[in-house]
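In what follows, a single structure is set out as structure tokens and then discussed.
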Protein chains: 2
Amino acid sequence: MSRSVAGPEIEQLIQLLARLPGLGPRSARRAALHLIKRKDQLLSPLASAMQVAAQSIVVCGQCGNMDTSDPCTICRDPRRDASMICVVEEVGDLWALERAAVINARYHVLGGTLSPLDGRGPDDLNIASLTERAGSGGVTEILLALNATVEGQSTAHYLMDQLEGSGITISRLAHGVPVGGELDYLDEGTLAAAIKARKTL
Amino acid sequence: MSRSVAGPEIEQLIQLLARLPGLGPRSARRAALHLIKRKDQLLSPLASAMQVAAQSIVVCGQCGNMDTSDPCTICRDPRRDASMICVVEEVGDLWALERAAVINARYHVLGGTLSPLDGRGPDDLNIASLTERAGSGGVTEILLALNATVEGQSTAHYLMDQLEGSGITISRLAHGVPVGGELDYLDEGTLAAAIKARKTL
């Protein structure tokens, strides 16, 4: 039988920390202990940073990104190529592309993928706002940077159908061997895609 | 070249989360995203819980435990056996023993181990307060529940020397095969200890 190890304030902290991805009940306890042992250096600053984030973060009404301003920093940036929209599933994907710093386009965050089995249809995603942006002029290319999963790819197909006839170039990310990847560890689908899209040297 | 993915408020949150044990830079980013996507259900409650913890947690002047009251819940609990003091290195060890609910004693948290190489001497640990508690009468046994590491065991030896002649029984945790452990995976030291302390059936 396990007893509560500390006051309800600490238990509450542990339980909330355990809901973070990557932290289980045990590591949440370790994290809580780490925090309360570093009250002034870590616990208080983190509490304030969370408070500030909770108060200031909004969803960008234009692209669906999360930032402290609406429109977000990227949508407001005049150096961004406004003729290209890079469509992603989630804000995390946007962050990943921004970290790689390989694209200078604006984004559009769908908020997930179509999933009829889970009852997620087109109206549950930011698709209407995408077709609106596509039709507002100035956009010449839409890159569907969706995950290479069944859900991601079927969502991409749906979007292609929706955007057909708009005169806008629709592109998708290339499939193939990940840079640094070893063939021995790759699945057949990836290998097949890499062979099909092989480049002549 | 990596760009900042979001405003300074989010970057600050990510950097503080990355200082939690068990979270690296990548998982801190994932945790931050998880938090800001669940602003009302998780981010705000966690911010408040941290604020409350930062304001209310104090170190127990008697045993060194961390709680929201001084003396702590355990030191105040009249059902605890006041004749036994269980000495641990850190508050985390106290929590581990409390979770197991195998001991009904009071505790004494040393705050670490002796480590001459790191410049940690007896004055840097809560040793004076332990000998004081031991000498205040009523205590009949002191269990040295220190880690089975070189530092833990040398600290235990030091404490034994300090408490010698007080008439108090000094005990330590048993060494042996962990319950559920397989011999094949155990080190020689553990096996040697388990054989030396073998029980006649």
Side-chain angles (χ1 to χ4, degrees), chain A residues 1-10 12-13 15-17 19-24 27-57 65-69 72-73 90-92 94-101, chain B residues 1-10 12-13 15-17 19-24 27-57 65-69 72-73 90-92 94-101:
Chain A
M1 202 188 66
S2 108
R3 291 182 277 192
S4 151
V5 294
E9 293 86 354
I10 300 178
Q12 169 77 353
L13 180 61
Q15 268 168 33
L16 287 168
L17 283 171
R19 287 171 55 192
L20 289 180
L23 289 184
S27 45
R29 226 155 28 216
R30 221 154 28 95
L33 195 58
H34 187 89
L35 282 168
I36 61 179
K37 281 165 85 173
R38 287 157 190 81
K39 222 157 66 168
D40 297 330
Q41 309 96 293
L42 190 53
L43 180 55
S44 295
L46 189 52
S48 311
M50 285 183 175
Q51 205 78 62
V52 168
Q55 281 159 4
S56 62
I57 288 171
N65 185 16
M66 281 188 295
D67 202 347
T68 44
S69 60
C72 72
T73 317
E90 299 283 359
V91 174
L94 185 160
W95 287 11
L97 288 166
E98 282 298 292
R99 276 200 305 281
Chain B
M1 200 187 66
S2 110
R3 292 184 276 192
S4 151
V5 293
E9 294 85 355
I10 301 178
Q12 170 76 352
L13 180 61
Q15 268 168 32
L16 287 168
L17 283 171
R19 286 170 56 193
L20 289 179
L23 289 184
S27 45
R29 223 152 30 212
R30 220 153 29 95
L33 195 57
H34 188 88
L35 282 169
I36 62 179
K37 280 166 85 174
R38 290 157 189 80
K39 220 158 68 168
D40 297 331
Q41 310 97 293
L42 190 53
L43 180 54
S44 295
L46 190 52
S48 311
M50 285 184 175
Q51 205 78 62
V52 168
Q55 280 159 3
S56 62
I57 288 171
N65 186 16
M66 279 187 296
D67 202 347
T68 44
S69 60
C72 72
T73 317
E90 299 282 359
V91 174
L94 184 160
W95 286 10
L97 288 166
E98 282 298 292
R99 277 200 304 281

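Being a predicted model, the structure only gives us computed values, none of them experimental. Each chain gets a letter, A, B and so on, in the order its sequence line appears, and its residues count up from 1.
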Quiz prompt | Minimum side-chain heavy-atom gap Leu94(B)-Leu97(B) below 4.5 Å | solution = no

If one checks every heavy atom of Val91(B) against chain A at 4.5 Å, the contacting part turns out to be both

Max heavy-atom pairs within cutoff under 4.5 Å with chain B, candidates Ala49(A), Ala32(A), Ala54(A), Ser56(A), goes to Ala54(A)

Turns out that what part of Gln55(B) lies under 4.5 Å from chain A's heavy atoms comes down to neither

- Query: So, the side chain of Ser44(B) versus the backbone of Asp40(B): is there a donor-acceptor pair under 3.5 Å, distance only?
  - Reply: no

Turns out that what part of Ile57(A) lies under 4.5 Å from chain B's heavy atoms comes down to both

Distance col, row Glu9(B):CD vs Gln12(B):CD, nearest 0.5 angstrom, shows 9.5 Å

Contacts of Ser48(B) meeting side chain to side chain contact (heavy atoms under 4.5 Å, CB included) (sequence neighbours excluded), chain-then-number -> none

Turns out that what part of Leu46(A) lies under 4.5 Å from chain B's heavy atoms comes down to both

If you tally heavy-atom pairs under 4.5 Å between each of Leu33(A), Leu35(A), Leu20(A), Val52(A) and chain B, the highest tally belongs to Leu33(A)

Q. Do any N or O atoms from the side chain of His34(B) and from the backbone of Arg19(A) form a donor-acceptor pair under 3.5 angstrom?
A. yes

